[in-house]
Amino acid sequence: MFENLQDRLGSILNGLTGRGALTEADVAAALREVRRALLEADVALEVVRSFTDKVREKAVGAAVLKSIKPGQMVVKIVHDELVEMLGTEGVSIDLHAAAPVVIMMVGLQGSGKTTTTGKIAKRLTDRDKKKVLMASLDTRRPAAQEQLRQLGVQTGVDTLPVIAGQSPTDIAARAVQAAKLGGHDVVILDTAGRTHIDEPLMLEMADIKKKSNPHEILLVADSLTGQDAVNLARNFDERVGITGLVLTRMDGDGRGGAALSMRAVTGKPIKLIGIGERMNELDEFHPRRIADRILGMGDIVSLVEKAAENIDAEKARSMAEKMAKGKFDLNDLADQLGQMKKMGGMGGIMGLMPGMAGMKDKMASAGMNDKMFDRQIAIISSMTKAERANPDILKHSRKKRIAAGSGTDAAEINKLLKMHRGMADMMKAMGGKGKGGIMKQMMGGIAGKMGLGGMMGGGMPDLSNIDPKQLEALQKQAEAAGLGKPGAMPGLGGLPGGLPGLGGAKLPGLGGMPGLPGFPKKK
């Protein structure tokens, strides 16, 4: 969503950080470019003016121009103002009210209200352990009520039975009553939309609000609509009184202006964002994390959360123990590739890594994408149990059979085997016997906080005693296997705790962590 804006702002701000000193003219020139980049991203003009004025006011002060690293100070100011524009702190759906808590979904037709209703219901059911009832108030759109019923079946959430001929206000009253009688904690009202804002729509929304007394009124807006979304938000807020925003299709290739504008114009928080079509692809909106992504600073916290959600703790612990013994077969490689796909694939993970956003295009052009992972998983799946456990038995006839079964060729199989061999050698060296085994020296914090959590507070592996000569030898070994070079296959499992390590991406040491093999520190 923010890739174009990220590229533009990144190049502008990199030009500032590369200088030893800044003049007011330098700051003014940079802000002109920032203003142009924001306007091209479809950010509302009034929001752009306010943003650049605030940055200029702080960036031309003596504290910045005379500081040791003025360029970095300006970047910090831009970052802080972006956070301020987006809402400072993340705000979740408020359920602090007498049950059943009524949530009213409003928005234009086609914005994704019904799907978002199902996603929110599933989220509240799975994460918050709430008993939820969904009710469709859309009596105009054909099959709208049936669509919500099907989503209820899919997610295991109760839906209000349809009674033909009832008005939206009557359905709202019946839904609240049914929720009370059924012991539901939350009732979500999916209202009708229009192709554009009109008076009958607003009157209907007002009547439903009066009848159901909702605790939350969430405006669902398509993030690809650009500046029109700002007028939409303002109109709904003035006429109905929204309590928060939900932006859909944040995984699209839009320019991101809606997300940056709507909160600033309405003053209402963006509470949730839709990041895909599946029912679990709904995330809370964290302004600081989004600002970090826009400025290419990554989002390690979200990466940790994805790892915690998608990586099996027992499997991670078992993998860490196998790595400590120097064992790493093709079953392990397939598991790590599968985990990486669950976490959003190569592009999703790279977008969350600090300073890595610029690598995505290079890696894609080198053929490193999720399709490559699919082919590699297909190759491993076409092997027998014995072949996966002992790849050394794979000779020409076996490779020919595997290639036919996976729809690949011998060259791709050889490439996979070479990559695995290099990784297995590294695992063996890292798990060496005695005090000299690097993996043994790192095991203190592994799997204590699964995934990348092994590096977060309290679980940091002790790397202080690792011999630099061992690391240097492993680095050469990794490069010989094609694992430590930019654009090479990432070294999966290279980081302690089971997180797929992006070995070929030159990952800088996170939180002061020394660069492991395939992860040299950024100079």
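- Using a 3.5 Å distance cut-off with no hydrogens or angles, the side chains of S50 and D53 do not pair a donor with an acceptor.
- Residue V83 comes nearest to P287 through the heavy atom pair O-CB, 4.1 Å, listed as atom of the first residue, atom of the second, then distance.
- Within 6.0 Å of atom NZ in K211, 12 or fewer heavy atoms from other residues, nucleotides or ligands are found, so the atom counts as exposed in its surroundings.
- Closest of all the heavy-atom pairs between L151 and M134 is C-CE, 4.3 Å.
- Looking at S261, its side chain does come within 3.5 Å of a backbone N or O of A44 through a donor-acceptor pair.
- Between L247 and M262, the shortest heavy-atom contact is CD2-SD, 3.6 Å.
- With a 4.5 Å cut-off on side-chain heavy atoms, L218 and L245 do not count as touching.
- S92 and E284 share no donor-acceptor pair across their side chains, judged by distance under 3.5 Å alone.
- Side-chain N or O atoms of T191 include one that pairs as donor or acceptor with a backbone N or O of M105 at under 3.5 Å.
- In terms of modelled atom types and a separation under 3.5 Å, the side chain of D170 and the main chain of Q166 share no donor-acceptor contact.
- Distance check, rounded to the nearest 0.5 Å: CG of L272 to OG1 of T116 gives 8.5 Å.
- In this structure, K180 and P100 approach most closely via the heavy-atom pair CG-CD, 3.5 Å.
- Under a 3.5 Å cut-off, the side chain of K209 and the backbone N or O of M104 do not form any donor-acceptor pair.
- With salt bridges taken as basic N to acidic carboxylate O contacts below 4.0 Å, none links E57 and K54.
- Contact between K119 and R278 at its shortest, heavy atoms only, is CE-O, 3.2 Å.
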- Begin from the C-alpha positions of Q150 and E146 and carry the test side chain to side chain donor-acceptor pair (under 3.5 Å) through to its verdict. CA-CA 6 Å; Q150 291 287 352; E146 174 62 18; 2.9 Å; yes
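- Looking at E81 and K58, a side-chain N of the basic residue comes within less than 4.0 Å of a carboxylate O on the acidic one, giving a salt bridge.
- S111 and V220 get closest at one heavy-atom pair: OG-O, 3.3 Å.
- In summary, the side chains of T114 and D190 do present a donor paired with an acceptor at a separation below 3.5 Å, with no hydrogens or angles considered.
- Crowding of R49 atom CZ: a count of heavy atoms from other residues, nucleotides or ligands under 6.0 Å not exceeding 12.
- Side-chain N/O atoms of Q109 and R141 include no donor and acceptor closer than 3.5 Å.
- Between E40 and R35, none of the side-chain N atoms (NZ, or NE/NH1/NH2) sits under 4.0 Å from a carboxylate O, so this pair counts as no salt bridge.
- We find the CZ-CG distance between R123 and D283 to be 6.5 Å, quoted to the nearest 0.5 Å.
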- Message: Using salt bridge (charged side-chain N to carboxylate O under 4.0 Å, His left out), reason through E46 and R234 one step at a time and then give a plain yes or no.
- Response: CA-CA 13 Å; E46 60 188 286; R234 186 180 276 126; 3.1 Å; yes
- Start with the C-alpha gap between R249 and D222, add the side-chain angles, then the distance that decides, and say whether salt bridge (charged side-chain N to carboxylate O under 4.0 Å, His left out) holds. CA-CA 6 Å; R249 293 208 276 182; D222 188 335; 2.2 Å; yes
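- Taking 4.0 Å as the cut-off between side-chain N and carboxylate O, D237 and K268 count as a salt-bridged pair.
- Ion pairing between E84 and R288 fails under the 4.0 Å rule for side-chain N and carboxylate O.
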- Tell me, with the steps shown, if S212 and L189 meet side chain to side chain contact (heavy atoms under 4.5 Å, CB included). CA-CA 9 Å; S212 61; L189 305 178; 3.6 Å; yes
